[in-house]
Amino acid sequence: QVQLVESGGGLVQAGGSLRLSCAASGVIFRLIPMAWYRQAPGKQRELVADISRGGSTNYADSVKGRFTISRDNAKNTVYLQMNSLKPEDTAVYYCNAGERLSDWGQGTQVTVSS
């Protein structure tokens with residue numbers, strides 16, 4: 001079973017920064033793509049960023065230039081560095097392994113105040 005543990009969320013003011021981490025187990029981490037999703041109350045879960053096994057990255061237009069996804073294969077961990085945070089970034093953030101969209105961790109709450 002894939003196990004995902006997200007951490008690093010919190011409450012910040014607009015313009016602030018947070019770094020999220022996701023530790024994965026039960027998977028050969030270096031061989032699979034990883035991604036960050038987020039879900040705000042009353043909204044669909046949306047893709048924020050993804051990173052391939054080789055390190056290629058993609059970002060949603062709403063976060064491009066502000067967020068950076070990275071991975072450390074030695075630690076089985078994917079990160080999301082979030083800068084210049086906006087209130088509309090408020091959501092529960094989840095990581096995903098290998099596009100298994102039925103498998104999620106508990107998520108980590110990010111709240112951005114105006």
Side-chain angles (χ1 to χ4, degrees):
Q1 300 182 56
V2 177
Q3 296 183 41
L4 303 168
V5 181
E6 300 95 339
S7 62
L11 173 63
V12 298
Q13 291 185 324
S17 297
L18 286 171
R19 190 193 192 206
L20 308 184
S21 298
C22 172
S25 61
V27 64
I28 305 177
F29 184 84
R30 71 183 189 277
L31 300 182
I32 62 171
M34 297 293 294
W36 284 98
Y37 288 73
R38 66 186 181 188
Q39 187 168 26
K43 296 185 177 180
Q44 290 285 113
R45 191 167 299 186
E46 65 174 348
L47 178 65
V48 176
D50 61 68
I51 184 167
S52 74
R53 57 188 282 182
S56 298
T57 59
N58 293 286
Y59 299 92
D61 288 342
S62 59
V63 308
K64 197 170 299 180
R66 300 188 297 121
F67 291 11
T68 303
I69 188 171
S70 62
R71 66 192 297 160
D72 186 338
N73 289 340
K75 297 181 178 180
N76 282 15
T77 300
V78 63
Y79 304 95
L80 187 67
Q81 178 67 47
M82 305 186 296
N83 299 325
S84 302
L85 283 161
K86 304 175 180 179
E88 49 263 47
D89 296 319
T90 295
V92 178
Y93 284 70
Y94 301 88
C95 67
N96 182 263
E99 299 184 335
R100 292 176 57 88
L101 300 184
S102 62
D103 295 325
W104 305 95
Q106 64 181 10
T108 185
Q109 176 72 50
V110 172
T111 302
V112 185
S113 62
S114 60

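Counting from 1, the numbers follow the sequence of the chain as shown.
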For [X], look at atom [atom1] and say whether over 12 heavy atoms of other residues, nucleotides or ligands are found less than 6.0 Å away.
X   : atom1 : result
L47 : CG    : yes
E46 : CD    : yes
K64 : NZ    : yes

Run the salt-bridge test on K86 and D89 with the 4.0 Å N-O cut-off and return the result as yes or no.
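Salt bridge flag = no for D89 with K86.
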
Could you measure the distance from the [atom1] atom of [X] to the [atom2] atom of [Y]? Nearest 0.5 Å is fine.
X    : Y   : atom1 : atom2 : result
S17  : F67 : OG    : CZ    : 9.5 Å
R53  : I28 : CZ    : CD1   : 10.0 Å
Q109 : L11 : CD    : CG    : 9.5 Å
N96  : E6  : CG    : CD    : 9.5 Å
I32  : N73 : CD1   : CG    : 9.5 Å

Can you name the nearest heavy-atom pair linking [X] to [Y], along with the distance?
X   : Y   : result
T77 : A23 : OG1-CA, 4.1 Å
A97 : V2  : CB-CG1, 4.2 Å
I69 : I51 : CD1-CG2, 3.7 Å
L18 : G8  : CD2-O, 3.8 Å
F29 : D72 : CE2-O, 4.0 Å
R66 : S84 : NH1-O, 3.0 Å

Say whether, by atom type as modelled, one donor and one acceptor occur between the side chain of R71 and the main chain of S52 under 3.5 angstrom.
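Looks like yes, one N/O pair under 3.5 Å.
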
Any donor-acceptor pair under 3.5 Å linking the side chain of Q1 with the backbone of G26?
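No; judged by distance alone, with no hydrogens or angles, the pair does not exist.
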
What verdict does the side-chain contact (heavy atoms from CB on, under 4.5 Å) test give for L85 and Q13, after you've listed the backbone C-alpha separation in whole Å, the side-chain angles of each residue and the deciding distance to 0.1 Å?
CA-CA 8 Å; L85 283 161; Q13 291 185 324; over 6 Å; no

Can you confirm whether [X] sits close enough to [Y] that some side-chain heavy atom of one is under 4.5 Å from a side-chain heavy atom of the other?
X   : Y    : value
L20 : R38  : no
C22 : W36  : yes
Y79 : R19  : yes
E88 : V112 : no

Same cluster or not: V92 versus M82, using hydrophobic residues (I, L, V, M, F, W, Y) connected whenever any side-chain heavy atoms lie under 4.5 Å apart?
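No, V92 and M82 fall in different hydrophobic clusters.
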
Apply side-chain contact (heavy atoms from CB on, under 4.5 Å) to residues D50 and Y37 and explain how you reach the verdict.
CA-CA 9 Å; D50 61 68; Y37 288 73; over 6 Å; no

Parallel, tilted or perpendicular for Y94 and W104, by the 30°/60° rule?
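Plane angle over 60°, so perpendicular.
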
